[in-house]
Structures are given as structure tokens and as C-alpha cells.
Amino acid sequence: MYCTVAAIMVLKILRGIVCVATVCVVLSTVAVAIGPRLDTADQPVANNVVSASKNTQPSDTQQQHPSAHEGNNGTEPAAAEVVPCGNATDGGGSAEVQSRRPVAAAAAAASSKLNNGTCVSAFCAATDVNPGDRDDDDDNVDHRNKSATGRAVDVINGTAPLGQQQQHQKRPMHHQLHRNVPRHHQHTAAGDIDDDPFVYGSKKVVLKADVLRHTSVLYGLLSIADRDGLSERCYRELQRVYDGIQQKEIWAMKVLDSSGSQESGFMWGHNHWIGSEKGCEATQSPLSITLSDRYRRNMKPNLVSALAPFELDYRIVFAKHQSAWQVEVKFQSENILHIGVCIPRSCSNDELHNLTARYFDENVVLAQDIYEFKPNVLHVKNTTLDRAFWTKPSVFIIGISLTFTLLMVYLAHSREQRSIEGKSHRRADESRATTEGSNTAPPMPSSGDEDSTFTDKVIDSFNLRKNLATIFRTDTGPQSLPVICGMKSVCCFLILCFHMQWYTFYTVHNPSVMLHYAEQIRFQLVSNAPLLVDVFFAISGFLLSYNFIRNRSKVQEVKANSVWENGKLYGKMLLHRYLRLSPMYLFVTVLGELTHSYIVETSKFWVHERSDLGCQRYWWRNLFYIQNLYPVDDFCLTWTWSLACEMQYYMLFTALLFVYAKSSRFGKQVFGAFAIGTLLLNVALTLNLRFIPSYDVLYNTGDALYTAPWSRVSPYVVGIYFGWLMASSRDKFNISQNQYRWYWLLACFCVIFSMHSTIKRNFPFPIASIVMVAVRWLISWAACWVILATGFGYSNIVTRLLSTKFFVHINKLTYGIYLLNPLIIIVTFGVSDSSVHADPIPAIVMALGVTLLSYLAAILFSAFFEIPYCRISSEILKLNRKIPATVTDLRSTPVAKGDGISPQPPPAAAAFSPVTDVDRKTK
């Protein structure tokens with residue numbers, strides 16, 4: 001019985017084993033039969049092999065737009081399988097996997113040549129499966145082998161295969177992306193699978209595309225671009241950039257990286273989203289960065305050398321906003337966004353203008369939501385120089401001027417060489433005659449100046465060696481006042497530092513912080529440097545009256561002349577002054593117009609002061625020195641207003657000195673009435689304009705209170721009075737040493753108080769108006785008193801320092817420095833690839849550099865364009881003029897020690913000695 005039971009159990013076990021075996025055989029057969037078909041479906045990620053999701057049925061979008069599946073020949077498959085570098089497949093595998101091994105091996109070989117042996121792009125080899133051919137396994141395998149071989153990814157440049165590039169270029173952008181939904185959020189109709197097949201490291205290439213769309217202006221522009229309003233080529237290349245960024249192709253990432261995006265500091269005026277023009281250029285030609293293969297680097301290989309497949313340009317978009325979240329100073333141009341984008345060259349500025357306007361209208365920028373503004377696009381420009389620039393009249397004028405000047409320098413040099421050779425021959429003849437004992441008298445050496453004609457003297461005026469020697473000569477005559485040289489040099493440097501603030505303001509991305517620094521007590525000497533222009537006016541008035549009144553022969557000549565004769569003498573004096581100042585001034589005016597035109601065309605910044613337009617329209621105002629009678633916005637070179645004031649004051653007070661020479665009493669009465677009237681007029685003007693020394697009021701009242709000649713004449717009046725006092729007092733001026741010390745301390749107090757009177761800038765306007773008028777008189781009085789005391793022999797360590805030879809040399813260049821330093825500043829900062837961060841220490845370093853450049857440029861311009869015409873002007877004055885034989889040279893007149901002036905009157909020409917040249921002032 002037990003045997004029977006055991007036999008039954010064994011039979012049941014055997015029957016179960018047979019059933020299980022049968023099921024396994026059936027399942028194995030089924031698996032073998034359908035295995036190849038499952039190979040094209042979704043596969044799990046294993047051994048770092050990542051495949052793109054595929055559907056056997058095309059999505060709705062694919063059905064409606066068959067062009068999305070077209071490749072080079074119109075048969076591009078719908079999706080691609082991606083195999084990373086260095087990963088073939090697991091051992092055996094299917095026939096299809098085996099067929100992909102050559103491609104994977106090639107990719108791995110390419111990867112092994114890289115510095116770190118890693119893959120560059122998101123994928124390294126790709127195969128495609130045509131859904132229509134899936135029923136034929138053998139054909140399908142052959143097709144995928146050819147596709148994988150022909151469409152291997154460019155590992156070196158990190159770009160997608162050509163077929164896929166063209167596939168994405170031909171897909172309409174407005175079907176790839178709903179207007180406000182990025183592509184990576186769209187899904188296919190079947191299976192809710194992402195439409196974008198590109199993956200990297202088991203993750204999507206651009207995971208935060210929506211965030212990028214709201215923060216990157218370029219990416220936002222690409223996301224809304226469609227065929228409407230864009231040329232076909234522009235649209236296709238914009239789409240190619242978009243796809244390249246999605247795939248993280250190196251060249252496309254360079255484009256994205258070089259385009260601007262919002263930066264911190266918006267509240268304090270940071271409107272410069274400039275990006276990098278050099279970065280955009282790096283997509284066309286690699287930067288010169290040599291990297292050896294000696295070291296292991298954590299960077300994408302060929303990150304430097306990868307280039308874009310088409311031409312791109314760097315453009316700047318200017319858009320004005322009205323955000324209440326940004327400090328508005330009402331100072332120059334504000335609230336203008338500077339947005340740099342790197343876009344295809346095929347896109348015009350008008351297309352970019354319209355696209356950017358639509359981008360802002362749709363409120364895509366994140367900053368628009370945070371800071372509540374809607375920009376209005378003003379202008380779009382590229383930073384390349386137009387060929388028409390070289391056909392401007394200013395280019396022709398500068399060329400003619402340089403050619404003429406260089407020709408005259410050459411003629412002067414040749415004439416000097418012939419003169420030297422002639423002197424050598426004469427010396428040889430004299431030596432030979434002496435040696436031979438000839439009884440014939442040697443020829444008398446002739447003076448070159450006596451034998452020279454007026455034309456020869458004009459040519460000699462351009463002798464470069466003599467002109468440079470004049471610049472570096474530091475000897476002074478006994479009648480000179482060298483302390484003036486030091487005062488002008490120091491003031492010139494401080495005003496140059498102020499120019500560093502003024503003419504770089506449009507390039508600074510934290511202008512509010514810059515104004516904060518300017519109001520600090522330690523920077524008052526620089527921020528209030530425009531007040532030092534009054535020192536220049538006072539010195540100029542002092543020299544005019546002092547030189548005129550001490551020249552007794554001229555005073556007697558004016559007194560004896562008729563009205564007509566005095567009119568001719570007055571005209572000669574004006575002509576002399578005009579010829580001395582105008583040649584270099586007008587040359588720099590033309591150069592300034594050309595410089596501003598260059599900056600406007602090539603700079604990345606919105607240029608507020610359009611001196612190029614002012615010079616093109618109103619150049620004649622500068623020619624006649626009347627530009628300060630018009631609004632500042634119409635100026636040609638804004639810093640030349642002081643020259644116009646100087647010329648007008650010279651004309652006015654020279655006529656007044658002629659009246660004084662005719663009748664001293666009447667001249668004094670007229671002068672006194674003029675001085676009082678000037679004081680009352682300035683008080684009335686400042687009170688009427690409700691003046692306070694805040695920067696917005698200073699800027700917006702500049703026409704009436706800063707550049708107008710009637711508002712700046714007070715210091716000139718003070719200078720005229722002190723010059724008359726020094727010339728007429730002579731030995732009558734006598735104070736004790738104790739009085740001198742008190743006056744010196746009072747002068748120091750006036751200077752310190754004047755330069756620090758704006759520590760508190762929110763005074764009530766009546767007090768602020770009176771203080772403004774007072775400080776101009778006080779600082780002018782202090783400067784003139786120091787000159788007066790030094791001229792009468794009173795000195796201290798400060799005046800002796802200001803009288804050193806170094807300042808005597810610098811003083812000869814102040815005119816050139818005054819004219820040239822704004823141009824140097826504008827060019828240096830205007831062509832910069834990035835905006836400037838206002839910081840005191842770098843600003844001081846830059847000021848020193850600009851000072852050096854201005855000094856070197858002033859030497860050249862003075863030698864070529866100033867001193868020659870000063871010499872020519874002096875020769876013109878000598879024509880038809882008889883020099884009295886009894887007049888002695890002023891420089892040879894002995895002077896008692898400590899005496900400030902010689903008791904003998906100087907000749908007429910001494911009034912125009914280099915040491916007492918007209919004041920050269922800065923803005």
C-alpha cells in the first residue's frame with residue numbers, strides 16, 4: 001500500500017515538472033519570436049547606455065508637419081538612439097546591437113584622444129530607425145548601421161549630427177513651442193513622453209529652460225521668434241541657436257554666455273546688461289589661448305576652439321524704462337537699459353528691434369515683474385564702424401592739417417640743416433684765412449634773423465627742435481610770477497580728476513554710488529573742482545590788467561591815439577590772441593567731432609553728450625567763441641565753454657582798459673559799477689532759480705549758472721582789480737610779517753571753505769544761493785592775494801613749492817592738457833568691453849594714467865599746433881612796427897633781491913611772454 005501511494009506521488013511530481021517545462025519552452029519560443037520587435041521600443045538604461053524614447057505611431061504634431069521628419073534627403077527618421085562614448089553594449093546582444101559596435105568603438109577612440117578622456121557632447125554616436133521599415137528586420141538592421149556610421153556626432157566641436165541639425169532647422173518654431181510654454185514642457189500625444197530626445201547623463205540637457213527664458217534676454221527672444229516679421233534665413237538661424245542651446249552644443253553655449261542678462265544693483269542704476277562682445281567674436285574665430293595637454297583640466301575639450309556654423313554679430317539694444325524701483329537723479333541720461341545680444345548676422349537691426357519690443361510687451365523678463373517696468377525700445381545698433389565714417393569732412397580736414405604741418409616741419413628742419421652747414425663753411429673759411437695769414441678781412445657773420453624774410457620766419461616757427469626746447473625750458477624772467485604756474489598746474493590736475501567723473505558717467509553701472517562717493521568730505525576737492533575754473537578766470541584777469549597797466553609805453557600810446565588808431569591797436573591785440581589760441585583749439589574741435597562720431601558708432605553705451613551732432617551743426621559757434629551763449633545740449637565739445645568765456649572777457653575788459661588809459665577816473669567808475677552790477681545779477685539769478693547744490697539742480701541749471709558768461713564774470717573782475725593794484729602800487733604795498741601770516745591764514749580758510757561748502761547739499765535755497773555767489777568771490781580773492789603777496793616778495797614753503805621749475809614746465813602744457821584730456825577719457829572708457837564700477841581706488845589709478853597720457857599728448861600738440869602759431873602771431877605784430885632803440889631787454893634788467901617787479905617798464909612784447917600767457921583752463 002505504501003508503495004502504491006509513493007508511486008502516485010512520484011507520478012504527480014513528474015506531471016508537474018512536465019507542465020512547468022512545457023510552459024518554459026512556450027515562453028522561450030515566444031520571446032525568441034518577438035525579441036527583435038521589442039528592441040525598438042522603450043528600453044531601460046543600463047551600463048550608461050541611454051536611448052531616446054520612440055513610438056510606433058507618430059504624434060499629432062508629427063502627422064500635421066511631415067517636414068519635421070525630413071533630413072538631408074527628406075527621409076530623416078523621427079527619433080534617434082544615442083550611445084555614449086566609450087560604452088558599446090553588453091557582451092553578445094542582438095544583431096542590431098552588434099552592428100552598432102563599430103560606431104561606438106569609433107566614438108570611444110575619438111574620446112580617448114581628449115585631455116580627460118570624457119565625452120564632449122551630449123551624445124557621441126546615433127542610430128535612426130525608420131518606423132515604416134520596422135517589419136523588415138534585416139533591412140532595419142542595415143539601415144541603422146548606415147545611419148549610425150553616417151550621422152556620428154561631432155565629438156570635437158560638440159555639435160549635433162548634420163541630419164538632426166537640419167531636422168530641427170526645418171521644424172517650424174511656433175509648432176515646437178507654444179508661445180509661453182518652453183519645449184521641454186511639451187509632450188507627445190502618445191504616452192505623454194517628452195518630444196525632445198536629447199539627453200545627457202540620464203537627464204534632460206536643459207532642465208530649467210523656463211527659468212532661462214525669463215532671465216536670459218537672448219533665450220527669451222529665441223523662444224518667441226516666429227516667421228512673422230523675420231526673414232527666412234534669420235528665422236532658421238535663430239532656431240538653430242535655440243536648438244543648440246537646448247542640446248548644450250559648445251558654440252551655442254558661447255552665444256548664450258556672451259549675451260547680456262540682468263545683474264545686481266538695479267536699484268542704484270545698473271542698467272548695463274551688456275554681455276561680452278569678445279565672447280560673441282569667439283564664436284567666429286577662437287581666442288588665442290594656448291593650453292598644453294600636460295595637465296588634467298575639468299573643462300570641455302575644444303571649449304575655446306568650437307565655432308558657430310554661421311556668422312553671428314554682437315548688437316546692443318537700448319530700451320528706456322520708468323521703474324519706480326531705481327534711483328532717478330535727473331542727471332544726464334538715466335533709465336536706459338543696455339542689452340547686448342549675440343545673434344545671427346542675417347538678422348537686421350529692424351528685425352531685432354521689433355522682436356525685442358514684442359519680448360518686452362509680453363512681459364517675459366523676470367526683472368519686469370520684480371521691478372515693475374515696461375521698457376520702450378529706443379534704438380538697436382551694431383558696434384562695427386561704418387565705411388561712411390572715413391568719408392566724413394572731418395577726416396579730410398584732419399588729413400590736410402596734418403599734411404600741412406608735417407610739410408612745414410620738414411621745411412623748417414631742412415632750413416635749419418642748411419643754416420648749420422653754412423655756419424660750418426664760414427668757420428672753415430675763417431680758420432683757413434687765419435692760418436694763411438691773409439690780410440683780407442674775414443667776412444662778417446650775418447644774422448639769420450636779419451636776413452630772413454617773413455616767409456622764412458613762418459617756416460622757422462615749425463622747427464620741432466626749437467619748439468620742444470621751449471616746452472622744456474624752465475628759466476623765468478625777473479618780471480614773471482612763477483607761483484601762477486603752480487596754481488594753474490594743481491587746479492588743472494584736480495579738474496582732470498573731475499572730468500574722470502563727468503565724462504565716464506555714461507559708462508558707470510552704479511552711478512548712484514558714484515554720487516554718494518562725490519558727496520563724501522574726503523572727495524570734495526574733486527567733486528567741487530568746477531569751482532577752480534574761477535581760479536583760472538581770476539588769474540587771467542589778473543594777468544591782463546597787470547601786463548597792460550605796467551606797460552607804460554602802451555598806456556601812453558593808447559592815451560595819445562585817436563579812436564581810429566586805438567581801434568586798429570585793439571584789433572591787433574585780438575588777432576594776436578585769436579592766432580595764439582585758435583589753431584590747436586580748432587584742430588582739437590575737428591578731432592573731437594571725429595572722436596565722438598567714432599564712439600557713437602562703436603561704443604556699447606548710450607552717449608548722452610552728442611558733440612558730434614553739435615560740431616556738425618554749430619561748428620561756427622566755436623569758430624567765433626560764442627558757443628556758451630547757447631544751450632549746453634547744443635555744444636560742440638562741452639568743455640570749451642570756458643574758452644568762449646575767456647575770449648569774451650578779454651574783449652570786454654581790454655576795451656575797459658583802453659577807457660582807463662584815456663581817463664583813469666572814468667575807467668574806475670565804470671569798473672566799479674560793473675563789479676557791483678555783476679554781484680547783484682548773480683545773486684538775483686541764483687535766487688530766481690532757487691539754487692541748491694544738489695547734483696540734479698547743478699546739472700539742470702548749467703545753462704544759466706555755469707556756462708553763461710554773465711554768471712561767471714565775477715572772478716575775472718576780482719583778477720582785474722588785483723592786477724591793477726599790483727601794477728599801480730609798486731613800492732607802496734607794504735605789510736608786516738604778522739599781517740602777512742593773518743592774510744595767508746584767511747586765504748587758506750577761503751579756499752577750504754569754498755571747496756567744502758557742499759558738504760551739506762540740502763541747504764534752503766536762499767542760503768545756498770548766497771553761499772554759491774560768495775564762494776566764487778572768496779576763492780578768487782584768495783588766489784589773487786597769494787599772487788600779489790608773492791609778487792611783492794612775501795613767500796612761504798607753499799608758494800616756493802608752487803614756484804618750482806617742475807610747475808613752470810607743466811604750466812606750458814596746461815592748454816593742451818585742458819583740450820585733450822576729455823577726449824582721452826571718452827575714448828578710453830567709451831570703447832571698453834564692459835561698464836565701469838565706480839570705486840575710488842581704481843578711479844585714482846585711472847586718473848593718474850589719463851594724466852600721463854594727456855601730458856604726452858599735450859607735448860606733441862603744443863609743439864605742432866600751439867607754439868608755431870604763437871611765433872607767427874608775434875611776427876605779425878612786429879610788421880610795420882618800429883622798436884625803440886633805447887628799450888632794453890627785460891630779462892637782463894637787474895633786480896634787487898626779494899623785489900617782485902622791476903621799476904622799469906617792459907617792452908610791449910613782454911606783455912605776451914610765455915610765463916604770463918593767457919590762462920588755459922579746464923571745465
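Other residues, nucleotides and ligands contribute only 12 or fewer heavy atoms inside 6.0 Å of the CZ atom of Phe396. For Trp619, the CH2 atom is loosely surrounded, since the number of other residues' heavy atoms within 6.0 Å does not exceed 12. Annotation: Phe454, atom CZ; neighbour count of heavy atoms from other residues, nucleotides and ligands within 6.0 Å is above 12. Shown here is Tyr721, whose OH atom has no more than 12 heavy atoms of other residues, nucleotides or ligands within 6.0 Å. Within a 6.0 Å sphere centred on OH of Tyr598, other residues, nucleotides and ligands contribute 12 heavy atoms or fewer. Annotation for His413: atom NE2 does not count as buried by contact number, only 12 or fewer foreign heavy atoms lying within 6.0 Å. In Trp620, the CH2 atom is crowded: over 12 heavy atoms of neighbouring residues, nucleotides or ligands sit closer than 6.0 Å. Environment of CD1 in Ile420: crowded, with over 12 heavy atoms of neighbouring residues, nucleotides or ligands closer than 6.0 Å.
A distance of 6.0 Å or more separates the ring centres of Phe864 and Phe587. Taking the six-membered ring wherever Trp is involved, the centroid distance between the rings of Phe671 and Trp724 does not fall below 6.0 Å. Ring centroids of Tyr618 and Tyr630 are separated by 6.0 Å or more, keeping the two rings apart. The six-membered or imidazole ring of Tyr503 lies away from that of Phe829, with a centre-to-centre distance of 6.0 Å or more.
Residues Phe792 and Met726 meet the side-chain proximity criterion, which asks for heavy atoms closer than 4.5 Å. Taking 4.5 Å as the limit, every side-chain heavy atom of Tyr546 sits out of range of all side-chain heavy atoms of Phe722. Here the side chains of Leu823 and His596 are in contact, with some heavy-atom distance below 4.5 Å. Put simply, the side chain of Leu819 does not reach to within 4.5 Å of the side chain of Thr589, judged on heavy atoms. Side-chain contact between Pro530 and Phe498 is present, with at least one heavy-atom pair separated by less than 4.5 Å. Taking the side chain as every heavy atom from C-beta outward, Phe674 and Leu656 never approach each other to under 4.5 Å.
Heavy atoms only, all atoms of each residue included: Thr476 and Ser480 are closest at CB-OG, 3.3 Å. Of all heavy-atom pairs between Tyr650 and Thr654, the closest is O-OG1, 2.6 Å. Asp612 approaches Ser597 most closely through the heavy-atom pair CB-OG, 3.4 Å.
Rounding to the nearest 0.5 Å places CG of Leu544 at 8.5 Å from CD of Glu646. The structure places SG of Cys492 at 9.5 Å from CG of Leu813, a figure rounded to the nearest 0.5 Å. Between atom CD of residue Glu416 and atom CZ of residue Phe462 there is a gap of 15.0 Å, rounded to the nearest 0.5 Å. Interatomic distance, OG of Ser419 versus CG of Asp460, reported as 8.5 Å (0.5 Å rounding).
The closest side-chain donor-acceptor pair between Ser582 and Tyr869, if any, does not fall under 3.5 angstrom. The closest side-chain donor-acceptor pair between Asn467 and Thr470, if any, does not fall under 3.5 angstrom. No hydrogens or angles considered: nothing links the side chains of Thr799 and Tyr794 as a donor-acceptor pair under 3.5 Å. A donor-acceptor contact closer than 3.5 angstrom is absent between the side chains of Glu557 and Ser553. Donor-acceptor pairing under 3.5 Å is recorded for the side chains of Ser873 and His576.
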May I have the step-by-step check of salt bridge (charged side-chain N to carboxylate O under 4.0 Å, His left out) for Asp634 and Arg617, ending in yes or no?
CA-CA 9 Å; Asp634 295 334; Arg617 298 170 182 171; 5.7 Å; no
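Stacking of Arg712 on the aromatic ring of Phe537 is not recorded, the 6.0 Å distance cut-off and the 45° axial limit not both being met.
In this structure, Trp641 and Tyr706 have tilted ring planes: the angle between them lies in the 30° to 60° band. Ring orientation note: the planes of Phe861 and Phe865 are tilted relative to one another, at an angle of 30° to 60°.
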